[in-house]
Amino acid sequence: MSAMPSADTTPSDVRQPEPIPPTRTDPVAPTREDRVAATGSELIGGPLGRRALLGAYWWTPVRIIALVMIGMFALGMVQKFPCYDGGWFFGASAQYTHACYSDIPHLYQGRGFAAGLVPYFDRLPDDMEYLEYPVLTGIFMQVAAWLTPGSGSLQDQQQLYWFANAGMLMVCAVVIAVCVARTHRRRPWDGLLVALAPAFILTSTINWDLFAVALLAAATLMWARGRPFAFGVLLGLATAAKFYPFLLLGPLFLLCWRAGKWRAFGTALWGAAGAWLIVNLPVMVLAPEGWAKFYSFSQERGVDFGSIWLLISQRGDFQIDPQEANNYGVALMVIICLAMIPLVLAAPRRPRFAQLAFLIVAAFILTNKVYSPQYVLWLVPLAVLARPRWRDFLVWQACEVAYFLGIWMYLAYTTSGDAHKGLPPDGYHLAIAAHLLGTLYLCAMVVRDILLPERDVVRRGGDDDPSGGVLDGAPDVFVVGLGRRSEGRTVPSMDAAGGWGPSAGPGSVRSGPEKRSL
């Protein structure tokens, strides 16, 4: 047997095979384009090879991501086990020192499910009077209560109620990861960012937010597939489960304005309004006081944990009235929405839908008068679609994990009496600052990608707006300001051979084989 030639003995004139240029149909492997992802992949064998056969076997990216999501969600459940037999039921601060708090077992009794009360129709015996959640979330909670056996002690029922909810929320988590993996057709592996996000895993079973997040993720997928009515219906259902999803209609309006896609926007709007009314109207008519409780509670709720208003009031040692916080928050949101108009209409290229969706929800979170730790779930799938860069995503996640630990240690400090076991107020203020700065950092990166589209990883791979549906590759019909004046500047664009070259200008967009510059 002859020895294999070494690098020293191989003739220099031997021709090496030329790399195959990428095309717009090739899937994007993060380990080939992202340094952090490539480094992390060394734990499982290293970056994806050139000759890897993708999708040739049962182990497709979407199936792998779904299984990873199930495994990580199960680890998140294990993280709650110190509270399962103790912290939720015994001791004021044990559930905080173990960072395993959950609303679910407490509200099984506190919102009348243990007593068989009907949400929104039956008055509660405590000061809350009625269930303070939107209608579709109330239905979700009630279904879990029906799945909970009524026998055994109250503690047994609360434990089983948490398990029933956890099983339903696990389905929601898998739906979210799969929808994100399928929204950008050429970037299925970005769904791993959702499945592996530490803050996502830690907060999944604190409350019922995953249900609304799953509906919104499915809505985003439908929009990406060019189905505006299905998008609208799912968006309306998501808004019936949580308030924030309707905010996406604002950025969508601006994008459809720039692209002239009024029919698609109108279809989505009617679908959303109809779905929301179908869910809410029966309760609104038959139990108006119970239906209105969510909205009145949101208005009357005081400045609470995690918000910038709490940080300001505690550092300044003065109280901010709930109505004042409402006014400040609304004023800031109006300013941000007005700032989005020139950002969308004058950007060098039309921003991607996912970028604006992330920005508007992040703005709502940053200006709100409360930031519960599970609110990070609202942003995770949108952040992955807006900026699928592992470094920036993990920096933001580290800040959110710091806040997750900070709020529980602060509550341990305030509930442990004179022992003061936990994090004092100054430390908690640092945790709030970490959350605020981490979110602002990711927002700044997304805005930079909008203003400098050549820095956008999604567009650098040759796509225009893969989550944009009818907006993807559509020519602009209305561009103002810098968008017009910057036509002379060249920006990278994928050519027919898959390489990078200058385009006609930053206003140019891809519509089939041709481009149009405004």
Side-chain angles (χ1 to χ4, degrees), residues 70-134 137-173 200-211 241 290 293 297 304-305 372-374 377 404-405 407-417 419 421-422:
I70 292 172
M72 296 301 295
F73 191 96
L75 289 178
M77 293 176 63
V78 170
Q79 190 268 334
K80 297 294 186 289
F81 276 2
C83 283
Y84 185 75
D85 283 322
W88 291 337
F89 312 107
F90 310 109
S93 61
Q95 59 188 335
Y96 304 134
T97 55
H98 290 93
C100 55
Y101 174 85
S102 174
D103 286 327
I104 295 173
H106 297 296
L107 295 189
Y108 177 69
Q109 180 185 18
R111 296 302 178 264
F113 295 104
L117 300 182
V118 179
Y120 311 109
F121 290 85
D122 293 337
R123 185 181 292 270
L124 300 174
D126 58 15
D127 294 338
M128 188 56 67
E129 296 181 336
Y130 294 99
L131 184 67
E132 75 279 22
Y133 287 86
T137 296
I139 294 174
F140 188 96
M141 299 162 73
Q142 181 62 70
V143 170
W146 287 335
L147 296 174
T148 303
S151 58
S153 66
L154 177 60
Q155 180 178 329
D156 292 337
Q157 294 178 40
Q158 289 175 293
Q159 291 170 330
L160 292 173
Y161 184 65
W162 179 80
F163 260 116
N165 278 280
M168 296 166 66
L169 292 172
M170 179 184 287
V171 174
C172 294
F200 189 98
I201 304 307
L202 291 170
T203 61
S204 290
T205 57
I206 291 178
N207 202 278
W208 292 269
D209 294 66
L210 272 186
F211 182 43
K293 182 60 181 178
F297 174 75
D304 214 331
F305 296 114
S372 298
Q374 73 272 12
L377 298 171
F404 174 84
L405 297 174
I407 186 173
W408 304 132
M409 294 303 104
Y410 173 67
L411 287 171
Y413 179 87
T414 59
T415 58
S416 58
K421 297 179 180 178

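Starting from 1, each residue takes its place in the sequence as its number. Since the structure is predicted, the reported quantities are computational estimates derived from the model, not experimental observations.
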Going by heavy atoms in the side chains, are Asp209 and Gln374 under 4.5 Å from each other? yes
Do the non-hydrogen side-chain atoms of Asn165 and Tyr108 ever get within less than 4.5 Å of each other? no
Does some side-chain heavy atom of Pro373 sit less than 4.5 Å from a side-chain heavy atom of Trp408? yes
What I want to find out is whether Arg111 reaches Asp103 closely enough, with some N-O distance under 4.0 Å, to be called a salt bridge. no
Check the angle between the aromatic planes of Tyr410 and Tyr413 and answer parallel, tilted or perpendicular using the 30° and 60° thresholds. parallel
Treating Gln79 as the side-chain partner and Ala99 as the backbone partner, does any N or O pair qualify as donor plus acceptor under 3.5 Å? yes
Any side-chain heavy-atom pair of Gln155 and Phe90 under 4.5 Å: yes
Take Asp156 and Tyr161, measure what side-chain hydrogen bond (donor to acceptor under 3.5 Å, both in side chains) needs, and give me the verdict at the end. CA-CA 9 Å; Asp156 292 337; Tyr161 184 65; over 6 Å; no
Any heavy-atom pair between the side chains of Leu377 and Ser204 that's under 4.5 Å? yes
Check whether any side-chain heavy atom of Ile407 lies under 4.5 Å from a side-chain heavy atom of Tyr101, and answer yes or no. no
Euclidean distance, Lys80 NZ relative to Leu75 CG, rounded to 0.5 Å: 11.5 Å
I want to check something: taking the side chain as every heavy atom from C-beta on, are Gln157 and Gln109 in contact at a cut-off of under 4.5 Å? no
Quick one: do Lys293 and Glu132 make a salt bridge, cutoff under 4.0 Å? no
Between atom CG of Asn207 and atom CG of Leu107, what is the distance when rounded to the nearest 0.5 Å? 7.5 Å
If I take atom OG1 from residue Thr415 and atom NZ from residue Lys421, how far apart are they, to the nearest 0.5 angstrom? 10.5 Å
Between the side chains of Asp85 and Gln159, does any donor sit under 3.5 Å from an acceptor? yes
Rounded to the nearest 0.5 Å, the CG atom of Leu411 sits from the OG1 atom of Thr97 at a distance of 11.0 Å
So OG1 of Thr137 and CG of Leu131: to nearest 0.5 Å the spacing works out to 9.0 Å
Given Trp208, Phe113, Trp88, Phe89, the one that forms ring-ring contact (aromatic ring centres under 6.0 Å, His included) with Trp162: Trp88
Check for me whether the distance between the ring centres of Tyr120 and Tyr133 falls short of 6.0 Å. no
